[in-house]
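What's counted below: heavy atoms across the whole structure, side chains too, no hydrogens, waters or symmetry copies.
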Amino acid sequence: MDDQKTGREKSLWWLAGVVVVVYALFPVAWIVSLSFKSSADLGNRQFLPTNLVWDNYETILVGDAQTLFLSALRNSIGICLIATFIAVVLSTFCAYAIARLDFPGKRVILTTALAVAIFPVISIVTPLFNLWRNIGLYDTWPGVIIPYLSLTLPISIWTLSAFFRQIPWELEQAAQVDGATTWQAFRRVIVPLATPGVFTTAIISFFIAWNDFVYGISLTSTEAARPVPAALAFFTGASQFEEPAGAIAAAAVIVTIPVVILVLLFQRRIVSGLTQGAVKG
Amino acid sequence: MSTSEKAPTGVSKGAAAPARISDRARGERRLGWWLAGPAFIVMLAVTAYPIAQAIYESLFKFRLTDPDAREFNWLGNYAVILTDGVWWQAVGVTVFITAITVAIEAVLGFALALVMHRALTILRPVLRTAILIPYAIITVVSAFAWLYAFDINTGFFTTWFSWVPGISEDTNMFGSFGSAVTVIIISEIWKTTPFISLLLLAGLAQVPEDLQEAAKVDGATWWQRMYKVTIPNMKAAIMVALLFRTLDAFRIFDNVFIMTQGSQGTEVVSFLAYRQTISRLEIGLGSAVSVLLFLCVVLISITFIKLFKVNLASARGEG
């Protein structure tokens, strides 16, 4: 298609491309720049620092804010991985059943997943806040992991059932006809076809859990379970008068790194997972 | 799909087939629910149960700091909320933010999708990667980036745009409703447009290329092709994208929390619910706000489905 475009058109498309990239990355560049500013530079109201310093990273990794940030990071990683794992396991079974088996109630399950996905999180938080305090789940890992399932499960079920519907299940029978046992057929034929979808679903679920803020600030109160986004919001700096912008920017950059790595490595899969789950037909 | 998988079994098992099929069908039903059931139950447990609890608690006058004074007061909480200007102010702001962000995002998202769809082959993966970054970044991080960019102490924006009438280097962008809500809207748009444009890109990919070619041969202009061929063929994708973004924007919370904490009249419905419950510990009132917010979301969904005839099931490829 490219060769049909004239030189003039080509440069226009290059320009459009550059605009899109700048649009997408501008705030990221700014927060990175902010994270390298010295405390003298923080108030200079320029985009770039006058000299690059690591002070902000030192503050959150080895300095005053170390316990706060590192515990939040540990909580976020642990809670998000567990919530993602549970959601992916449950939704793999569920999506397999929906794509492969004939049973009444498929639509009910998919509609429920849809309803849960559009559910306002804040409406769930109010009763959970009260309930968790009564049964001792407030400010604990399970107390955050369980509500996270309301975020990760629906998207996992859609995405995976969209993936699973495209798998040619007849191949399994073909393998059985060729003499493989049911388990062998499943293991050798279906599992390799399904793995990419499961993996993609896990990444998307992880993003969504990693992004949560409402549950994080409402259902936790200490370093015991508070995840990074909530910790960032409540981080006030070493003293009341000090602007914590630099430290927050550095923390923001660190929690953005895993996201950027996942995007760089798996962009194609993430796009297809997101769009197949959502728009099809 | 069931027919395609049963036929070979029936053939290979010969005469014993009919009885086995019904056995098999029954087994399949049971297995289906065994596999899908846990996910279904967990979804209900984490949403249906809390919302039922919220409805129940919304009927009580109940403040956590004063548990003994808990008493049943019918729909009293709702009466308090619905007659209070604070609620209507929050609804107004939420609707305003939702309408503006979704309108801008629809146009911007479509433009981005068009660029990505027709971009030069070498640029395509670069663009898709770049556009995924805002989608994947934590909303709180994005909110901080925009906050500090506009902030009177750290921001470069007012320095850059001091030539714009009404903005000077010392303008506090978070000092008045108009500018504060503008910054909130900008950050919301930046963060969520990629999602809408990826959905629209998928929609664009489903528009049959030969229809486009045919229209081109018939001498249709770019605009005519857009209106007569492209958009009608991706109506489902557009509607789904708009519905999801509308619901999402209506639940806006993170940006408002980080940037203004609801000051300057920027309090949105989610923030009101949060403030009542978590900050003020007014469980009864907070629950009632949550229930009302839930009803708003249901109302929006029904409106979309009825008004625009979105068939979510078919849009999801399930039909």
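Ranking B:Phe157, B:Trp146, B:Tyr135 against chain A, the residue ahead of the rest is B:Tyr135, based on heavy-atom pairs under 4.5 Å. For the options B:Ser301, B:Ala149, B:Ser187, heavy-atom pairs under 4.5 Å to chain A are most numerous at B:Ala149. Most heavy-atom pairs under 4.5 Å with chain B, from the set A:Pro147, A:Pro104, A:Gly105: that is A:Pro104. The greatest number of non-hydrogen atom pairs below 4.5 Å with chain B, out of A:Ile118, A:Val20, A:Leu90, is found for A:Ile118. Of the residues considered (A:Ile217, A:Val259, A:Thr92, A:Ile203), A:Ile217 shows the highest number of contacts with chain B, using heavy-atom pairs under 4.5 Å. For chain B, the option among A:Tyr23, A:Phe207, A:Trp210, A:Phe266 with the highest count of heavy-atom pairs below 4.5 Å is A:Tyr23. Of all the listed residues (A:Ala16, A:Ser218, A:Ala230), the one sharing the greatest number of non-hydrogen pairs under 4.5 Å with chain B is A:Ser218. The choice from B:Val141, B:Thr129, B:Leu247, B:Thr193 that makes the most heavy-atom pairs within less than 4.5 Å of chain A is B:Thr129. Top candidate by heavy-atom pairs under 4.5 Å with chain B, chosen from A:Ala95, A:Ala87, A:Ala252, A:Ala249, is A:Ala252.
Proximity to chain B (any heavy atom under 4.5 Å) is shown, for A:Ile86, by neither the backbone nor the side chain. Only the side chain of A:Tyr96 comes within less than 4.5 Å of a heavy atom of chain B; its backbone N, CA, C and O stay farther away. Of the atoms belonging to A:Ile157, it is side-chain heavy atoms, and not backbone ones, that fall under 4.5 Å from chain B. Both the backbone and the side chain of A:Phe119 come within less than 4.5 Å of a heavy atom in chain B. If you measure heavy-atom distances from A:Ile109 to chain B, the contacts under 4.5 Å come from both the backbone and the side chain. Contacts of A:Ser150 with chain B are made by both backbone and side-chain atoms, with heavy-atom separations under 4.5 Å. Heavy atoms of A:Ala113 lying under 4.5 Å from chain B belong to its backbone as well as its side chain. Both the backbone and the side chain of A:Val108 come within less than 4.5 Å of a heavy atom in chain B. Looking at A:Phe26, the atoms closer than 4.5 Å to chain B (heavy atoms on both sides) all sit in the side chain, from C-beta outward. Using a 4.5 Å cut-off between heavy atoms, A:Ile248 contacts chain B through its side chain alone, with no backbone atom that close. Heavy atoms of A:Leu128 lying under 4.5 Å from chain B belong exclusively to its side chain. For A:Ile122, the parts lying near chain B are the backbone and the side chain together; criterion is any non-hydrogen pair under 4.5 Å.
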Candidate pair B:Val115 and A:Trp13, rule side-chain contact (heavy atoms from CB on, under 4.5 Å), full reasoning: CA-CA 8 Å; B:Val115 171; A:Trp13 280 110; 4.2 Å; yes
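Considering B:Phe144, B:Tyr148, B:Trp190 as possible partners of A:Pro27, the one that fulfils the side chain to side chain contact (heavy atoms under 4.5 Å, CB included) test is B:Trp190. When each of B:Asn153, B:Asp151, B:Thr158 is tested with A:Arg45 by the rule side chain to side chain donor-acceptor pair (under 3.5 Å), just one qualifies, namely B:Thr158.
In this structure, B:Val140 and A:Pro229 approach most closely via the heavy-atom pair CG1-O, 3.8 Å. Between B:Gly32 and A:Phe103 the shortest heavy-atom distance is CA-CD2, 3.7 Å.
The ring of B:Phe156 has its center closer than 6.0 angstrom to the ring center of A:Trp30. Taking the centre of each ring, A:Trp158 and B:Phe244 come in below the 6.0 Å mark.
B:Gln53 places no side-chain N or O within donor-acceptor distance of the main-chain N or O of A:Pro127, the cut-off being under 3.5 Å. Side-chain N or O atoms of A:Asn211 include one that pairs as donor or acceptor with a backbone N or O of B:Thr139 at under 3.5 Å.
For CZ of A:Phe93, the number of neighbouring non-hydrogen atoms (other residues, nucleotides, ligands) closer than 6.0 Å is 12 at most. Counting non-hydrogen atoms of other residues, nucleotides and ligands closer than 6.0 Å to CZ of A:Arg268 gives a total of 12 or fewer. Within a 6.0 Å radius of CZ in B:Arg29, no more than 12 heavy atoms belonging to other residues, nucleotides or ligands are found.
We find the CD1-OG distance between B:Ile51 and A:Ser123 to be 4.5 Å, quoted to the nearest 0.5 Å.
Side-chain contact, B:Ser290 with A:Thr126: a donor N or O sits under 3.5 Å from an acceptor N or O.
Classified by interplanar angle (parallel below 30°, tilted 30° to 60°, perpendicular above 60°), the ring pair B:Phe253/A:Phe213 is tilted.
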